[in-house]
Amino acid sequence: MDLQGELLAHPHSVYDRLRDTAPVCRITGTDGTPAWLVTRYDDVRAALADPRLSLDKSRATEGGYRGMSLPPALDANLLNMDPPDHTRIRRLVSRAFNSRRTEQLRAPIRSTADRLLDALGPAGTADLVTAYAAPLPIIVICDLLGIPEDRRLDFRTWTDALITPDPSRPRAAKEAVVAMLGFFTELMAHKRSRPADDLLSDLIAVRDGAEGGGEGGGEGLSEGGDDRLSEDELMSLAFLILFAGYENTVQLIGNAIHTLLQHPEEQARLRKDPSRIPAAVEELARYEGPAPLAIRRFPTEDITIAGVTVPAGETVLLSLSAANRDPARFPRPDLLDLDRDTSGHLALGHGIHYCLGAPLARAETEIALAALLERFPILEAASPAPRWRPSLRARGLTELPVRYDTAHLPH
């Protein structure tokens, strides 16, 4: 079944149909190869936590959808790993993204948000993807990693080439990968010669210290003993943190703003009571999450999902978007309800592969919305039809034109 065109144009209506008629169906993947698409909430949630569904591409049969193609130096990351390697690396880096570290970042994130909004001026029109939703997460994650300011725009361009390939430039994605590999190689060498107070320097210290058997630095990350990183794992980890830390969050922020523009009454409620924003972010993520699909998986043995047998090694795609609008789990799922119990939503995954940067993504989105609503009492869409990115990997807008004003609304 070739659903790519329909899914790009009308994803939620297609998912509604599939949940009712073919909750596990064989489709054509984004690169023209076959895959199995799973759409019901209970099936998706169970599969996300099923150890028989591997992320390791070596488990895949020939001719199936394998996902993004990267060189080994960037591909040895958590999105291609199962335990015990996944456990080892995630344990190492998760200490950089825990709740305590995230709370320490809230003030700098708010300062960045305010600075971006200052640049807009008191009133006018703007594209909030270009001016706000995109630069905020790239600044935050690059500051955390210690990426020089003069290279940040490059990375955004490379990311866009990978997530939304341009048919008129068939070599653009490959060129972006080559450029990123060169960038990270150069950056690692620079950090080794001039370590600083940033996450990347800490990861390098853990890698080099572990290899050399010395103290190694990286205090706050390594607990010693079991932590080891190969050079490819180090490079791939830096790439993944930067790539995912930017890509997921820009969609989360942009989609949340867009949804509130379509629901002015809910926008007004949050402006009146900002304490509701953290709970609202959960419903906004459920309603229009950043990732339509979880990272592809490969059964290590024949498995049965919703009565359908999927052979070992074939590709399984778990639809987070479809699961989050399953009426069996969320009544009236197409209704935005900021008072809804959103516990268990899958916008940021589930199980051992749950989004590593979820606390940071949530904090950035909460702060981005709070700053925007506080700054502009008048905020409305300047275009009737949004332009969604033509991608099944990411659900996000190419632009978000708005009219804004710091003047108060008339009483």
Side-chain angles (χ1 to χ4, degrees), residues 24 26-38 43-44 46-94 162-163 165 173-174 176-178 180-181 184-185 203 207 210-211 226-244 247 291-305 308-320 349-356 392-394:
V24 180
R26 194 168 173 84
I27 67 167
T28 301
T30 56
D31 62 353
T33 55
W36 295 89
L37 180 66
V38 184
D43 298 329
V44 171
L48 286 169
D50 192 332
R52 297 174 300 167
L53 286 167
S54 170
L55 266 66
D56 184 350
K57 286 188 283 191
S58 69
R59 301 275 193 171
T61 54
E62 290 296 325
Y65 174 69
R66 296 165 63 89
M68 192 180 298
S69 178
L70 295 170
L74 300 180
D75 214 28
N77 63 62
L78 293 170
L79 301 186
N80 296 317
M81 288 182 178
D82 302 323
D85 286 336
H86 176 273
T87 308
R88 167 176 56 86
I89 294 180
R90 188 175 176 110
R91 182 177 61 240
L92 169 64
V93 75
S94 64
L162 289 176
I163 293 295
K174 184 172 290 187
V177 169
V178 171
M180 281 192 289
L181 181 56
F184 278 107
T185 301
L203 290 171
R207 152 69 183 160
E211 182 180 56
D226 296 331
D227 288 328
R228 296 291 187 271
L229 283 172
S230 70
E231 192 66 21
D232 281 354
E233 288 171 345
L234 172 63
M235 187 95 73
S236 297
L237 184 56
F239 162 75
L240 179 62
I241 292 171
L242 187 53
F243 184 89
E247 186 59 36
L293 304 169
I295 191 71
R296 77 286 172 274
R297 285 160 163 78
F298 312 102
T300 58
E301 59 186 68
D302 292 358
I303 63 170
T304 300
I305 305 174
V308 176
T309 298
V310 179
E314 297 204 357
T315 305
V316 177
L317 299 176
L318 307 174
S319 176
L320 306 178
H350 172 65
I352 65 170
H353 297 289
Y354 182 75
C355 177
L356 179 66
L392 297 183
R393 292 190 179 117

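Numbering of residues begins at 1 and proceeds along the displayed sequence.
- Across every non-hydrogen atom of L318 and V316, the tightest pair is CD2-CG1, 3.6 Å.
- Summarising the geometry of R90 relative to L78, their closest heavy-atom pair is N-CD2, 3.8 Å, with the distance given to 0.1 Å.
- If you take CD on E314 and CG on D302, they are separated by 9.0 Å, rounding to the nearest 0.5 Å.
- With values rounded to the nearest 0.5 angstrom, D56 atom CG is found 12.5 Å from L79 atom CG.
- The existence of a salt bridge linking R297 and D50 is excluded, since no basic side-chain nitrogen approaches an acidic carboxylate oxygen closer than 4.0 Å.
- L37 approaches S319 most closely through the heavy-atom pair CD1-CB, 4.1 Å.
- Residue I352 holds its CD1 atom at 7.0 Å from CG of D82, rounded to the nearest 0.5 Å.
- Contacts of H350 classified as side-chain hydrogen bond (donor to acceptor under 3.5 Å, both in side chains), with partners at least two apart in sequence or in another chain: none.
- The two atoms that bring V38 and I305 nearest to each other are CG1-CG2, 4.1 Å, heavy atoms only.
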Verify side chain to side chain contact (heavy atoms under 4.5 Å, CB included) between T185 and M235, making sure each step is shown before the conclusion. CA-CA 8 Å; T185 301; M235 187 95 73; 3.6 Å; yes

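- With rounding to the nearest 0.5 Å, the separation of CG in L234 from CD1 in I89 is 9.5 Å.
- Shown here for F239 and F184, the closest heavy-atom pair between the two residues is CA-CZ, 3.5 Å.
- Among the candidates I27, L317, T315, V308, the single residue satisfying the side-chain contact (heavy atoms from CB on, under 4.5 Å) test with W36 is V308.
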*Could you check R296 against N80 for side chain to side chain contact (heavy atoms under 4.5 Å, CB included), going step by step and ending with a plain yes or no?*
CA-CA 9 Å; R296 77 286 172 274; N80 296 317; 2.6 Å; yes

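- Residue pairs meeting the salt bridge (charged side-chain N to carboxylate O under 4.0 Å, His left out) criterion with at least one member in residues 230-240, sequence neighbours excluded, are R88-E233, R192-E231, R207-E231.
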Going through the checks in order, is the side chain to side chain contact (heavy atoms under 4.5 Å, CB included) test met by I241 and L203? CA-CA 12 Å; I241 292 171; L203 290 171; 4.2 Å; yes

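- For the pair S54 (side chain) and T300 (backbone), a donor-acceptor distance under 3.5 Å is absent.
- For the atom pair CZ (F298) and CG (L55), the distance works out to 7.5 Å, reported to the nearest 0.5 Å.
- In terms of heavy atoms, A294 sits closest to L320 at N-CG, 3.8 Å.
- Note: S236 OG to L181 CG = 9.5 Å, rounded to the nearest 0.5 Å.
- Residues passing the salt bridge (charged side-chain N to carboxylate O under 4.0 Å, His left out) test with R59, sequence neighbours excluded: none.
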